[in-house]
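Written below as structure tokens is the structure these notes are about.
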Amino acid sequence: MEDIEDVVNGLHHSLGNREPGLRNRQKNLVVLPKSATRRRRKKVDVVAEEEGQNSSFIPGTCTVYVRTWGCSHNSSDAEYMCGLLSSEGYTVTTEDHSKGDAHVWILNSCTVKTPSEDTFNNAIKEGLKEGRKVILAGCIPQGQPRSKMTKDLSIIGIHQIDRVVEVVEETLKGGTVQLLGKKKGTGGTRLDLPKIRKNPLIEIIPINTGCLNQCTYCKTKHARGDLGSYPVAEIVDRVKQVISEGVVEIWLTSEDTGTYGRDIGETIVTLLESIVAVMPNGTMLRLGMTNPPYITEHIKDIAKILKHDRVYSFLHVPIQSGSDAILTLMKREYNRDDFCAIVDYLQDEVPHMNIATDIICGFPGEDDNDFQDTMSICEKYKFSSLFINQFFPRPGTPAASMERVDPRTVKQRTAQLSRLFQSYQPYTNQEGMEEVVLVTDVSTHGNYFVAHNKSFDQVLIPNEARYMGKMLKVKIKSTGKHFMIGEVIDETPSNQRLAMHDPNNKNSMKLQFSRKSVIILIAAALLLVFLALEIATKSQARL
């Protein structure tokens, strides 16, 4: 797909002096008269049209409402768009109760699930019904630029978010601007642009865009495309910049963290080591989602990094199905044993390792045996975070043409897996434990502050203003299915790193042993016993 500046500039030149284009003050953005686009509509995929200048419009004086669906990468894109608009004088709101005061709605979409696309389409209808200027962003218009819902609306492509101000200004004037081209070179939009973070203490940094996979159910690939990694230096510079601005927690986001750097001769290990080297005490790094195939070759180095004081011992590794037959139909490029090998190794090597995973229930071809394979793997590991999804066919994907499982069966399997997940309490054994946690957020209803321990488990503490952004030592008083409640016992712990120990174990040296270490110690003890018996037997023989 060509970028709009290429398509529209070519059309403008072909028109000569008969119907001149209206050039925007920004470089390469052309808004064409309506009559020109009518005649050329069939030949031009992406157009910009002028429906009459709004003479009362003054740049930077309007309110823009931004709504975002989907992953942390989408959230980061939205934060950049908000920052760029604010830096040009626009009032930006992300609150639903303020959208009625906005002149423009930017709807930043997610294409992973059908329900989120339905909600996005409903928001478009709502905005148009209320007479708002609606601009589309995110993966849906990028992957489906010719759909009925995107027709005649301005679009900001996922690689063009740095041009959000141009699109907003032309849309406010009555024009329609669609920017869908991809950036040349590595990565995407520059990382050093202005940003308004949803949480001022947390920075989301995309390390690449796109992926190397060809999953049969995935629509995101159509939008994000192939892998494009940011240079290590650009990411590290962003880390240093945001830490100087007061950020204490950094999330790396990616369609597949493990693939980072394969297109530029780098590795995820090199990147992570470079980031950790510039992070001071009191800050933490959270790794993004990674698929099994591309993390396996780096697993030993990844384990070492996850044990670092300033890195959460947490990793999101989606398995999607426990059945090898279904994984093959999904084109996931790994099998059940590959996934188990990753989880087992990390849990053996990294103390308190926390693995989150995803499951798709009812993928085409899934029979009862396939589903039981999925149930058994969830029963085996009892994941504290398990994201359960029903299969939805996404238009244009290979899975959409496969024969579907009966929807009633899909719902039954989803309910059965949900019951399994709800049947266990992952944090009960942590009651009474003392932990150092990092406080970064406020609970949904504002009753607590939200902190995380080294495993990135959620710990709720009293909402005292002085705690925000700090590392505190807490004692776990009670637990729930998705959280623990802690009592602050030290506001200035001398050890500014996240650690856990049991205060009731007076004889313990408070060392964190992995299962592999325990096995080695037991084996050594048995060997010593065997040698002692051998010596005793020989001594008795001499007598």
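None of the values given here were measured: they were computed from a predicted structure.
- Across all their heavy atoms, Glu435 and Asn453 have their closest contact at OE1-ND2, 2.9 Å.
- In summary, the side chains of Ser384 and Asn354 do present a donor paired with an acceptor at a separation below 3.5 Å, with no hydrogens or angles considered.
- Salt bridge annotation for Lys99-Glu126: present, with a cationic side-chain nitrogen under 4.0 angstrom from a carboxylate oxygen.
- Lys198 and Glu79 are not joined by a salt bridge, as no carboxylate oxygen comes within less than 4.0 angstrom of a charged side-chain nitrogen.
- From Asn121, atom CG reaches atom CG of Leu136 across 9.0 Å, with rounding to the nearest 0.5 Å.
- The closest donor-acceptor contact from the side chain of Thr257 to the backbone of Met289 lies under 3.5 Å.
- In this structure, a donor-acceptor pair under 3.5 Å is absent between the side chains of Asp152 and Thr176.
- Checking side-chain atoms of Thr440 against main-chain N and O of Leu201 turns up no donor-acceptor pair under 3.5 Å.
- Put simply, CG on Leu420 and CZ on Phe383 are 10.5 Å apart, with the number rounded to the nearest 0.5 Å.
- Counting all heavy atoms, side chain and backbone alike, Asn335 lies closest to Asp338 at OD1-N, 2.8 Å.
- In this pair, His482 and Phe421 present their aromatic rings tilted. The plane angle is within the 30 to 60° band.
- The side-chain heavy atoms of Thr267 and Glu297, taken from C-beta on, include no pair separated by under 4.5 Å.
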Hey, mind stepping through Ser313 and Lys454 against side-chain hydrogen bond (donor to acceptor under 3.5 Å, both in side chains) and telling me if it holds? CA-CA 6 Å; Ser313 302; Lys454 183 68 163 66; 2.8 Å; yes

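- For the pair Lys133 (side chain) and Leu128 (backbone), a donor-acceptor distance under 3.5 Å is absent.
- Side-chain atoms of Asn389 do not come within 3.5 Å of backbone N or O of Ile360 as any donor-acceptor pair.
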Before you tell me yes or no, could you show the steps for Phe363 and Met402 under side-chain contact (heavy atoms from CB on, under 4.5 Å), namely the whole-Å CA-CA distance, both residues' side-chain angles and the distance that decides it to 0.1 Å? CA-CA 9 Å; Phe363 188 84; Met402 298 179 183; 4.1 Å; yes

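- Atom CG of residue Asn208 and atom CG of residue Leu271 lie 9.0 Å apart, to the nearest 0.5 angstrom.
- Between the CD1 atom of Ile302 and the NZ atom of Lys304 there is a distance of 12.0 Å, given to the nearest 0.5 Å.
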Check the pair Met353, Val343 against side-chain contact (heavy atoms from CB on, under 4.5 Å), reporting the backbone distance first and the verdict last. CA-CA 9 Å; Met353 184 67 204; Val343 177; over 6 Å; no

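- Looking only at atom types and distance, the side chain of His73 has a donor-acceptor partner in the side chain of Glu255 under 3.5 Å away.
- Under the 4.5 Å side-chain criterion, counting only non-hydrogen atoms from C-beta, Leu107 is not in contact with Ile140.
- A side-chain donor-acceptor contact under 3.5 Å links Gln142 to the backbone of Leu180.
- Using a 4.5 Å heavy-atom cutoff, the side chains of Ile264 and Tyr230 are not in contact.
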Verify side-chain contact (heavy atoms from CB on, under 4.5 Å) between Lys195 and Val242, making sure each step is shown before the conclusion. CA-CA 10 Å; Lys195 201 175 198 185; Val242 300; over 6 Å; no

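- Side-chain contact between Cys215 and Gln320 is absent, with no heavy atoms from C-beta onward closer than 4.5 Å.
- Cation-pi geometry between Lys481 and Tyr424 is met: the NZ or CZ atom falls under 6.0 Å from the ring centre, inside 45° of the normal.
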Applying side-chain contact (heavy atoms from CB on, under 4.5 Å), run through Ser321 and Asp370 and close with a yes or a no. CA-CA 8 Å; Ser321 174; Asp370 296 320; 5.6 Å; no

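- In this structure the side chain of Thr283 reaches within 4.5 angstrom of the side chain of Arg310, judged on heavy atoms.
- A donor and an acceptor atom, one from each side chain of Arg286 and Ser72, are nowhere located under 3.5 Å apart.
- Here CG of Asp367 is found 10.0 Å from CD of Gln372. Values are rounded to the nearest 0.5 Å.
- Residues Leu438 and Glu249 form a side-chain contact, since some pair of their non-hydrogen atoms from C-beta on lies under 4.5 Å apart.
- Asp263 and Gly228 get closest at one heavy-atom pair: OD2-CA, 3.3 Å.
- Remark: the Tyr294 side chain and the Asp256 side chain contain no N/O donor-acceptor pair separated by less than 3.5 Å.
- Electrostatic pairing of Glu349 and Lys300 does not count as a salt bridge here, judged by no charged N lying under 4.0 Å from a carboxylate O.
- Donor-acceptor pairing under 3.5 Å is lacking for the side chains of Asn74 and Thr68.
- The side chain to side chain donor-acceptor pair (under 3.5 Å) test with Thr111 singles out one residue from Arg394, Glu117, Lys219, and that residue is Arg394.
- Here the closest heavy-atom approach between residue Ser116 and residue Cys110 is recorded as OG-O, 3.3 Å.
- Between the Tyr80 side chain and the Asp192 main chain, no donor and acceptor come within less than 3.5 Å of each other.
- Side-chain atoms of Arg336 come within 3.5 Å of backbone N or O of Asp373 as a donor-acceptor pair.
- Annotation: side chain of Phe339 is in contact with side chain of Ile377 (closest heavy-atom distance under 4.5 Å).
- Ser76 contributes a side-chain N or O that, together with a main-chain N or O of Ile204, makes up a donor-acceptor pair within less than 3.5 Å.
- Electrostatic pairing of Asp358 and Arg332 does not count as a salt bridge here, judged by no charged N lying under 4.0 Å from a carboxylate O.
- Thr216 and Leu329 make their closest contact through OG1-O, 3.0 Å (heavy atoms, listed as atom of the first residue, atom of the second, distance).
- Under the 3.5 Å distance criterion, the side-chain polar atoms of Asp344 are left unmatched by any main-chain donor or acceptor of Ala341.
- For an aromatic pair to be called close, the ring centres must be under 6.0 Å apart, and His452 with Phe314 fails this.
- For the residue pair Asp441 and Tyr448, no side-chain donor N or O sits within less than 3.5 Å of a side-chain acceptor on the partner.
- A donor-acceptor pair under 3.5 Å links the side-chain atoms of Arg238 to the main chain of Leu191, judged by distance alone.
- Taking every heavy atom of both residues into account, Phe456 and Trp251 meet most closely at CZ-CZ2, 4.3 Å.
- Tyr260 has its side chain out of reach of Leu227: every pair of non-hydrogen atoms, C-beta onward, lies at least 4.5 Å apart.
- Atoms CD1 and CD1, from Ile106 and Ile155 in turn, are 13.0 Å apart once rounded to the nearest 0.5 Å.
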